[in-house]
There are 2 protein chains.
Amino acid sequence: MLSKKTKYGLKALAYLAAQSDKKPVQISEIAEKENISQKFLESILLSLRKTGFLGSKKGKGGGYYLIKSPEEISMTDIMRVLEGPIAMVPCVSLNFYETCDDCPDENTCSVHKLMLQVRDSALDVYRNNTLKDIIS
Amino acid sequence: MLSKKTKYGLKALAYLAAQSDKKPVQISEIAEKENISQKFLESILLSLRKTGFLGSKKGKGGGYYLIKSPEEISMTDIMRVLEGPIAMVPCVSLNFYETCDDCPDENTCSVHKLMLQVRDSALDVYRNNTLKDIIS
DNA sequence: TATTACCCTACTAATTTAATAGAGTTTTCA
DNA sequence: TGAAAACTCTATTAAATTAGTAGGGTAATA
């Protein structure tokens, strides 16, 4: 299940991407328009700033803005930052790999086999979508 | 993230599918071979029986066995029973649909748009794999 | 220099997951 | 027939994660 953090983060990014210019948008505006708790959204936008997706401007007329243009932002990167691993089990994760304590051998594990396919298919989707593609 | 329930359930099903005959296999045997807490596995197998995937036999020489043959069991059905919705948000779920309280319009929602593709790609994988396909 | 708006830390409530405990029931086989 | 094997069921709990809240701090700008 997609976490609210990811959901809200995506909505906020889409909101910013849909702006005609690159002027900073206040947290309060996004929170209101997208029905998100402002405080929660604050922490999400902060993490998107720290990971290089957003820039911010303080003081009057301040707010958040996209650093890159929407067509340069891959869903793969956003999902990894917001949601974490794309894989459903750590043993098939490219960026968050871990071995399973149970499972003596990945190569013969049926779960591994299936989840590898699921991961690849999800990656396909994320790689083929930029932020621009998902705004209507 | 895949729940342990689903992971263990899949492993147990695969274990049963790999049997040469259809004789009942004891919970304790599966639990030991697949490194699963026996009590936890009990409840998982029970739910797989109630949903028509497994049959059981009580008493000495009893245990669980597959009702259908492995190539007739679609991953789609198993995943829905063990993990629940395949979609990552309820608003794109085929079998567990729910509207979002936030989101005024699904058709213009960027999250909806993206997650629809992710769901379809996952479904593709699950529909193309039977229990037989994932045992090595 | 006052105001606006981002920045940061800490805490908490709710939910879900992953078990664990223990008693009960059915079936089989000797 | 009776004891053991093995499934069945309910209830409880511990741990982890998520989602949100509270509240003050800091920087920038008009």
Side-chain angles (χ1 to χ4, degrees), chain A residues 1-12 16 23-32 34-51 53-67 81-85 88-90 96 98 100-102 111, chain B residues 1-12 16 23-32 34-67 81-85 88-90 96 98 100-102:
Chain A
M1 199 57 48
L2 202 70
S3 70
K4 299 267 181 182
K5 180 186 174 187
T6 304
K7 187 183 181 187
Y8 295 161
L10 282 174
K11 284 193 167 194
L16 291 173
K23 276 195 299 192
V25 179
Q26 294 170 36
I27 294 178
S28 58
E29 178 183 334
I30 305 174
E32 193 184 343
E34 299 291 344
N35 299 302
I36 305 170
S37 142
Q38 177 161 342
K39 275 292 191 179
F40 192 24
L41 183 57
E42 258 186 57
S43 70
I44 296 166
L45 295 184
L46 195 59
S47 83
L48 286 170
R49 186 186 67 80
K50 286 184 177 169
T51 47
F53 293 98
L54 299 180
S56 67
K57 199 181 165 199
K58 291 183 178 181
K60 207 170 197 173
Y64 282 98
Y65 53 90
L66 287 180
I67 284 185
V81 163
L82 290 173
E83 187 75 5
M88 293 183 80
V89 280
F96 301 83
E98 273 178 55
C100 303
D101 339 335
D102 52 314
V111 176
Chain B
M1 201 56 49
L2 202 70
S3 70
K4 299 267 181 182
K5 180 185 173 187
T6 304
K7 187 182 181 187
Y8 294 161
L10 282 173
K11 284 194 167 193
L16 291 173
K23 276 195 298 193
V25 179
Q26 294 170 37
I27 294 177
S28 59
E29 178 184 335
I30 306 174
E32 192 183 343
E34 299 290 345
N35 300 302
I36 306 171
S37 142
Q38 178 162 340
K39 276 291 191 180
F40 192 24
L41 183 58
E42 262 186 53
S43 69
I44 297 166
L45 296 183
L46 195 60
S47 82
L48 286 171
R49 187 187 66 81
K50 286 184 177 168
T51 46
F53 292 98
L54 298 181
S56 67
K57 198 182 166 199
K58 291 183 178 180
K60 209 169 195 173
Y64 282 97
Y65 53 91
L66 286 180
I67 283 185
V81 163
L82 290 173
E83 187 75 4
M88 293 183 80
V89 279
F96 300 83
E98 273 178 55
C100 303
D101 338 336
D102 51 314

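Chain letters run A, B, ... following the sequence lines, proteins first and then strands; every chain starts at 1.
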- Task: Working to the nearest 0.5 Å, report the span between NZ of Lys39(B) and CD1 of Ile27(B).
- Result: 8.5 Å

- base_contact_polar (dC6(C) base, Gln26(A) side chain, donor-acceptor, <3.5 Å): no

- Using atom CD of Glu29(B) as one end and atom C1' of dC7(D) as the other, report the distance to the nearest whole Å. 15 Å

- Given atom CD of Glu42(B) and atom P of dG22(C), what is their separation to the nearest angstrom? 14 Å

- Short side-chain N/O contact to dA5(C) OP1/OP2 from Ser56(A), under 4.0 Å: no

- Could you check if a side-chain atom of Leu46(A) sits within less than 4.5 angstrom of a side-chain atom of Tyr64(A), using non-hydrogen atoms only? yes

- Query: Hey, is the side chain of Arg49(A) poking within less than 4.0 Å of OP1 or OP2 on dA5(C), counting only N and O atoms?
  - Reply: no

- Note on the structure: Atom CG of Asp102(B) and atom P of dG20(D) are separated, to the nearest Å, by 9 Å

- Message: Students often get this wrong, so: under 4.0 angstrom with heavy atoms, is Lys7(A) touching a base, only sugar-phosphate, or nothing?
- Response: nothing

- Whole-Å gap separating C1' (dA15(D)) and NZ (Lys4(B)): 13 Å

- How many Å lie between NZ on Lys58(A) and C1' on dG25(D), as a whole number? 9 Å

- For dA18(C), does OP1 or OP2 lie under 4.0 Å from any side-chain N or O of Tyr8(B)? no

- Query: Nearest to the side chain of Ser37(B), which nucleotide is it out of dT8(D), dC8(C), dT20(C)?
  - Reply: dT20(C)

- Item | Spacing between Lys57(B) atom NZ and dA5(D) atom C1', to the nearest angstrom | 12 Å

- Query: Lys39(B) near the nucleic acid: base, sugar-phosphate alone, or nothing, with a heavy-atom cut-off under 4.0 Å?
  - Reply: base

- Atom CG of Leu41(A) to atom C1' of dG20(D): distance rounded to whole Å? 13 Å

- Message: Taking only side-chain N and O atoms of Tyr64(B), does any of them lie within less than 4.0 angstrom of OP1 or OP2 on dT8(D)?
- Response: yes

- Task: May I have the distance from Phe40(A) (atom CZ) to dC8(C) (atom C1'), rounded to whole angstrom?
- Result: 16 Å

- Note on the structure: Tightest non-hydrogen contact, residues Gly9(A) and Leu48(A), listed as O-CD1, 4.3 Å

- Note on the structure: The nucleotide from dC7(D), dT29(D), dC7(C) with an atom nearest the side chain of Ile27(B) is dC7(D)

- Message: Heavy-atom count check: over 12 atoms from other residues, nucleotides or ligands less than 6.0 Å from Glu32(A) CD?
- Response: no

- Taking the nucleotide of DNA chain C with the closest heavy atom to each, which residue, Leu45(A) or Lys60(A), is nearer the 5' end? Lys60(A)

- Message: Looking only at the side chains, is there a donor atom on one of Glu83(A) and Ser3(A) sitting less than 3.5 Å from an acceptor on the other?
- Response: yes

